[in-house]
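Below is one structure, written out as structure tokens, with a few remarks after it.
Note that these values count all heavy atoms, side chains included, but never hydrogens, waters or copies made by symmetry.
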Amino acid sequence: MLGMKGAGSMAVLAIAVLLGACQTDSFSSGSPEGVPIALESIDGAPQPVRTALIDELTSAAADRKVELVGSSAQARYRVRGYLSTETVNGETKVAYVWDVFDSEKRRAKRLTGTSPARTTASISALDKETLAKLANASMDEIAGFLSAARDSTPIRTAEAELDGEVAAQ
């Protein structure tokens with residue numbers, strides 16, 4: 001009877017080890033989790049569009065497990081964005097550039113792209129659907145960069161400056 005009880009315990013232990021091996025650790029799987037980034041600015045769009053885009057970026061970041069923090073918070077990277085529109089042959093596209101800066105205030109990555117816009121008007125007329133597409137494409141690229149950079153460099157936070165004073169170290 002004791003032999004059967006010991007064999008049962010070993011079987012439970014073996015199953016637990018096998019199930020544990022199936023689990024992934026976000027730190028070793030290339031996930032962007034745990035790498036906070038701060039969105040410092042978005043130039044080229046009026047305030048209502050910036051606000052709407054920040055809402056869409058926040059949602060896209062959450063979907064990708066990217067930790068988006070306020071501009072005065074401690075962050076490993078700081079991001080600055082630039083938007084513009086261009087209409088060619090009746091088709092309007094929103095061009096975006098995201099400059100990602102490291103803790104030494106050096107540009108670590110520049111991400112660029114375009115997203116089709118449903119309007120032929122100016123950037124101030126961009127709709128929610130266009131901004132959502134732009135945010136999703138942007139956050140895909142940012143999450144990919146963060147995942148690749150996660151294990152390649154030691155984590156240091158980037159400093160935020162508010163009116164010339166360091167806000168985070």
Side-chain angles (χ1 to χ4, degrees), residues 24-86 92-119 121-169:
T24 59
D25 181 359
S26 65
F27 289 100
S28 62
S29 65
S31 169
E33 284 184 277
V35 183
I37 63 167
L39 183 60
E40 289 198 337
S41 63
I42 302 173
D43 294 335
Q47 185 60 42
V49 172
R50 280 195 309 267
T51 300
L53 180 56
I54 288 169
D55 290 345
E56 295 299 330
L57 286 166
T58 301
S59 177
D63 291 346
R64 290 154 184 82
K65 299 187 184 330
V66 171
E67 185 181 351
L68 197 58
V69 298
S71 62
S72 63
Q74 290 188 1
R76 182 169 176 193
Y77 295 101
R78 302 212 163 264
V79 179
R80 292 186 181 137
Y82 313 92
L83 299 177
S84 64
T85 57
E86 180 181 38
T92 301
K93 291 189 177 189
V94 180
Y96 58 89
V97 174
W98 299 107
D99 282 333
V100 182
F101 295 92
D102 67 10
S103 61
E104 303 297 320
K105 299 181 182 175
R106 294 177 301 211
R107 186 170 61 198
K109 184 76 172 174
R110 174 169 268 194
L111 307 166
T112 63
T114 60
S115 182
R118 292 176 23 155
T119 181
S122 71
I123 201 162
S124 61
L126 295 177
D127 63 349
K128 183 175 175 57
E129 182 181 332
T130 300
L131 294 174
K133 286 179 184 178
L134 187 147
N136 284 319
S138 297
M139 207 46 72
D140 282 344
E141 291 188 54
I142 290 171
F145 165 74
L146 294 175
S147 295
R150 170 179 199 87
D151 296 321
S152 65
T153 57
I155 294 179
R156 292 187 56 196
T157 58
E159 295 177 352
E161 289 188 22
L162 300 174
D163 297 326
E165 295 182 27
V166 175
Q169 294 190 42

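Atom CZ in Arg50 sits 7.5 Å away from atom CD1 in Ile54 (nearest 0.5 Å). In this structure, Lys133 NZ and Ser138 OG are separated by 13.5 Å, a value rounded to the nearest 0.5 Å. For the atom pair CG (Leu146) and CD (Glu67), the distance works out to 10.5 Å, reported to the nearest 0.5 Å.
Between Leu83 and Ala45, the shortest heavy-atom distance links the atoms CD1-CB, 4.0 Å. In terms of heavy atoms, Lys93 sits closest to Thr114 at CD-OG1, 4.1 Å. In plain terms, the two heavy atoms of Ala38 and Ser71 that are nearest each other are CB-CA, 4.1 Å. Between Asp102 and Tyr77, the shortest heavy-atom distance links the atoms CA-CD2, 3.9 Å. Nearest heavy-atom pair across Leu126 and Val49 is CD1-CG1, 4.4 Å. Taking all atoms of both residues into account, the shortest heavy-atom contact from Asp99 to Arg110 is OD1-NE, 2.7 Å.
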Next item on the list: Evaluate the side chain to side chain contact (heavy atoms under 4.5 Å, CB included) criterion for residues Ile37 and Phe145: first the C-alpha distance (whole Å), next the side-chain angles of each, then the deciding distance (0.1 Å), finally the verdict.
Entry: CA-CA 12 Å; Ile37 63 167; Phe145 165 74; over 6 Å; no

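Pro46 places a side-chain heavy atom less than 4.5 Å from the side chain of Ile123. In this structure, Tyr82 and Ile42 have side chains that are not in contact, with every pair of non-hydrogen atoms separated by 4.5 Å or more. Contact annotation: the side chain of Leu53 never approaches that of Tyr96 to less than 4.5 Å [non-hydrogen atoms, C-beta and beyond]. Considering only heavy atoms from C-beta on, Gln74 stays 4.5 Å or farther from Val69 through its side chain.
A salt bridge links Lys128 to Glu56: at least one charged side-chain nitrogen sits closer than 4.0 Å to a carboxylate oxygen. A salt bridge is defined here as a Lys NZ or Arg NE, NH1 or NH2 lying under 4.0 Å from an Asp or Glu carboxylate O, and Asp140 with Arg64 meets this definition.
Under the rule for a salt bridge (charged side-chain N to carboxylate O under 4.0 Å, His left out), Asp63 has no partner lying at least two apart in sequence or in another chain. Lys109 is linked by a salt bridge (charged side-chain N to carboxylate O under 4.0 Å, His left out) to nothing, counting only residues two or more places apart in sequence or in another chain.
With hydrogens and angles ignored, the 3.5 Å screen pairs no side-chain donor or acceptor of Arg78 with any backbone N or O of Lys105.
None of Thr58, Val66, Leu134 except one satisfies the side chain to side chain contact (heavy atoms under 4.5 Å, CB included) rule with Met139; the exception is Val66.
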